[in-house]
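What follows is one structure encoded as structure tokens, with my remarks underneath.
Chain naming here is simple, since letters A, B, ... match the order of the sequence lines and numbering starts at 1 in each.
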Amino acid sequence: MNASLIQNIIYVVVLVALAFPLGTWMANVYAGRPGRIFGFLKPIERGLYRLAGVDPAKDMTWKGWSWAVLIFSFLSTVVVYALQRLQAHLPFNPAGLPAVSPDSSFNTAISFVTNTNWQGYSGEATMSYFTQMAALAVQNFLSAAVGMAVMVALARGLSKTAKGLGNFWVDMTRSTLYILLPLSFVFALILVSQGVVQTFRAPVTAELTQKTKAADGTVIDTQTISVGPVASQIAIKQLGTNGGGYYNANSAHPIENPTPLSNFLQCLAILAIGAGCCITFGTIVGDGRQGKMLLAAMTLMFVLALVGATLAERAPSRLLHDAGATASNMEGKETRIGVDGSTLWAVATTSASNGSVNSMHDSYTPIGGLFPMLLMMLGEVVFGGVGSGLYGMILFVVFTVFISGLLVGRTPEYLGKKIGPFEMKMAAIGILIPCASVLVAAAIAVVAPKGYAGICNQGAHGFSEMLYATTSASNNNGSAFAGLSANTPFWNYLLGLCMVICRFGVIIPVLAIAGSMSARKVTPEGPGTLPTHTPLFIVLLIAVVLLVGALNFVPALFLGPVLEHVSAFRS
Amino acid sequence: MSTFRLRAGRKQVHLRAVQDSLRKLHPRVQMRNPVMFVVYVGSFLVTALWIQALAGHGEAPTGYIFGVAAWLWLTVLFANYAEALAEGRGRAQAESLREAREGLEARQLSEPRKGAVEIRVPATRLVKGDHVIVEAGEFVPADGEVVQGVASVDESAVTGESAPVIRESGGDRSAVTGGTKVLSDWLIVKVTSEPGKGFLDRMITLVEAAKRGKTPNEIALSILLAGMTIVFLVVCATLYPMSKYVAGATGLPNPITVTALVALLVCLIPTTIGGLLSAIGIAGMDRLIRANVVAMSGRAVEAAGDVDVLLLDKTGTITLGNRQATEFVPAPGVTPEALADAAQLASLADETPEGRSIVVLAKNKFGFRARDLSEMGAKIVPFTARTRMSGFDWQGKSVRKGAPDSVAEWVKSQGGEVPKECRALAETMSREGCTPLFVAAGPAILGTVRLRDVVKGGMKERFAELRRMGIKTVMITGDNPLTAAAIAAEAGVDDFVAQATPEDKLRVIRKHQADGRMVAMTGDGTNDAPALAQADVAVAMHTGTQAAKEAGNMIDLDSNPTKLLDIVNIGKQLLITRGTMTTFSIANDVAKYFAILPAVFLPLHKNIAMFNIMGLKTPESAILASVIFNALIIVALVPLALRGVQHRPVSAARALRDNILIYGVGGLIAPFVGIKLIDMLLVALHLAGVKS
């Protein structure tokens, strides 16, 4: 067994082990007990409520929550849009970057507010320091906090001792103040120790040791190295499953991700809070076993996908194999990271709705690239985005509980609460919207000349590139397959719509379920109750996620990666 | 019901169902079921494509399009047939019931007194509060309460039970049902139902499944199915441009035809459960009716599957209902024979079942024959509720048998004393759940007779089953706590309420409901009505009072309190049948993908053939075989849908595992086998089209 494989095993073990203390602590934070070391933040929290005129003790209904989320997100979008359009007139723009185009600003605003962080632009060449910090980095925190707050509301609604869904503003504030900010602060310092840049200086010019000539014959002897407040943004980019890198090359960039340790920790940070959310959920609903069950189901799916993708990438691509080569598929991968390290990141970043990359997924073997795509198509429920992965998974749990409840002859119930037509309708909507969005957007792209004009490969691979983009946007992932030039009005608007519809098309049904379930009577557990924490239920849940989530994409995947894969065979 | 059950011949029922399935092709009927409506629209579309092909502009071979169109129509018809067949059973019953009610004439009285002024009116004109007289040979014109008279009534029209029952004014046997026939004597009945709202009318509505509303669980399942249908509609609709693009990029024409797309869609959407869903619901109600239980709503049947707590009356449900003498325990210095002899003699004047059981026990144990006390010239002292003793005085000798307290007092009045041993024994017997009776001759206590409640055979096992299913049983009894505890232990119930009043029942139900449990109970008396109204599943006995019947949400025509256990089973069976068919339906999709996708996309690359793991002959045969399998599986599952998937009394976790293995894993595998076989058959019949 080689070192990189051992590293991947350690990764999974550390991830699961970390989920327990982190998740328990987060549950305490939402209960208003962040721990003594954060005592100094309490006055700030209270001050914020007073400033905003929020009564922290006041519970909100699910409709109140929905409105709060919508209005908050709308205003955020407006701010991010405005800052991009006005950046030329704002401070901290040493490179003198001009205003961002309307369509790109629209797309980016939605992208960051919906925690997608799809980037159609090239970060260092488009956004001023001010835009990066005041617009994008702020949303890295807030959009993540929205996801976590909604998850907490759902957990409260399902809780056996449910009294209310809590208050959106309070949960938002606590997520940001006690969880995301301190974690990012510490993480940023660690990253700086590894050599990640943190500065407000203008780009640095370096002399090239090896001079080169451009195509037109001019000698190139210097290189401009973009710098900036990188570490702080990378910390939250990973922890908040945002994924929008400071640099266009994202975590493949040597300044964004300089050392093996920074690589391991950044990769761990992608899933840490998502995994912790399982335990937080279990604690809030008052049944720790439920949290462990979700963590086990997610970990199992993660490992399955990791093994599949690793096998595909370790093998030489078919063409290389036919040419007599035995090497793994290194195309599009950093040599310092290698195949296993890249595959781990690819699987982690698409399990979560992160989207950061340390290798180019476009260059994966067809089957190796299918796994990241499939993980997103499942609805980002394998760990998923912070908070959002968990509430997405609960929609599948509702489906699973419904079918298995019927199979044992009882009106289905989850956590002792009966699942009725209303919950079923909401779960169906929450699962249906991203599915339909992926397929409809891809179908629009293949018939619109402006859609398929953006791809650089034709045929099955080109189709995969477009499908990946609509999948990534519709599931609020934000990772790109590359190969698609998405910074065109067509793609910016299409993907922007996908992101906004799917983010709120899931959040509102989830909140509705939370609201109606919180009013349900709790049936005590007995031998007739279907246990939802057993290995059998885990297997069933995975089967439902795969059947309901993936069956819908089989034909599309057949036309993309599968067709590409079989075409590479010599018949 | 049994009287009607098989009146209509099997063949006729099926014939009628076939006619109905054609009638159900009306768009208004089809629209009610979103899954089958998609198939319906698809059938029209492919038929149009066939006509186009006939005109020479076909997108595929004419015969193949015709084959797909024909089997799509058959899919719709099969689903219609399943529903029609389920409805057909109910309809036969409804028609018989209607016959029983139609043309009835009533003899309305001006006042509730025999001999009052009579007018003849049609039964449909009777309103609540009218009085009618019914004499031997006449039919009771409407539901009502007997206010005068005693008569034997043939209720077979309603209950299917041919033995006549006694109906009399006052007490718990005063309710009569419209459509039943008075066999002897006469009754004056006060009408208690408004026209068109009587018991028969309700029953007719119930068995006529078409008028039945959907239950919450059925609605939730329909939403799930509709959701899946919409997703697959999007999948198939977007597949066309996607496939066109991918093929076009390599200079190929779009490999997918509309025919194939519709076939794929119909195979993917959950037609199996979609086609059988309403049949399953109707059949569930029908099973209940066959068990001779009339449910007032489908909701109650489903709720029965969820019951957590069963409140059971001890008498009649758990025990046979009568205490019986099982032992003679003589006092010190008395022979058992002397005790048995005295006890038998003292009981001859006691006509209660308890008294009779003493006579029988003495005869069985010691061969004593019953004697005629009056012939012997003895003075009989009959049993009264006040004295709680019976006995006789003969030749200066007085013998009494009765409740220990009463006999002890009587002994004292005779100048005697009750031995300590006897008192202790009586205590012990009570604790063991038995009823002790003292027998005394003059001042001397002869001994104690042990009376005990005999628990019905098999009850302990049934309660153990219920416990495994997670259902708690609570025994309700008027006995003292000691007796109640002993019977509860013997019968194996989980809990009991002793010395229960009707208010206690209500309190127990409310307490369990407050804890979030679903409570079921049976009842027959008017004083049960509040509890029946409170319970989630309330089964009223048909012999019970009108008030009880109105408070309950089910009526057991057999008036058998043990029926509650069957009702729980039927409720669970209904849900399980839906669950298994849904699982099966979804699991089927995997195989259908393997059959259809390689067939459709083969033109894109020859290596795609590697996915044709079933080795289906041609793309046409693959698609046709999938559609045929999809249609035939509906027919194949009709019997199971109507009969219901068996519910076994095991824990939820176990039941889940078993059903997943059978219907989930089975659902994955079955279509691979089925589609392959149909493909082979198509090849053998030379219907597989051109080999490509």
Answer whether the closest heavy-atom distance between the side chains of [X] and [Y] falls below 4.5 Å.
X: L656(B); Y: L540(A); result: yes
X: L547(A); Y: D589(B); result: no
X: N217(B); Y: P412(A); result: yes
X: T411(A); Y: L575(B); result: yes

Contacting region of [X] [heavy-atom separation from chain A under 4.5 Å]:
X: T580(B); result: both
X: Y663(B); result: neither
X: R467(B); result: backbone
X: L221(B); result: both

Note to self: Show the nearest heavy-atom pair for residues L551(A) and I586(B), with the distance to one decimal.
What the structure shows: CD1-O, 4.3 Å
Note to self: To the closest 0.5 Å, what do you measure between CD1 (I403(A)) and CG (N659(B))?
What the structure shows: 13.0 Å
Among [options], residue most engaged with chain A (heavy-atom pairs, under 4.5 Å):
options: G579(B), A249(B), A220(B); value: A220(B)
options: F232(B), F611(B), Y240(B); value: F611(B)
options: D658(B), V231(B), I219(B); value: V231(B)

Next item on the list: Considering only heavy atoms and a distance below 4.5 Å, find which of K521(A), R520(A), K425(A) pairs most often with chain B.
Entry: K425(A)
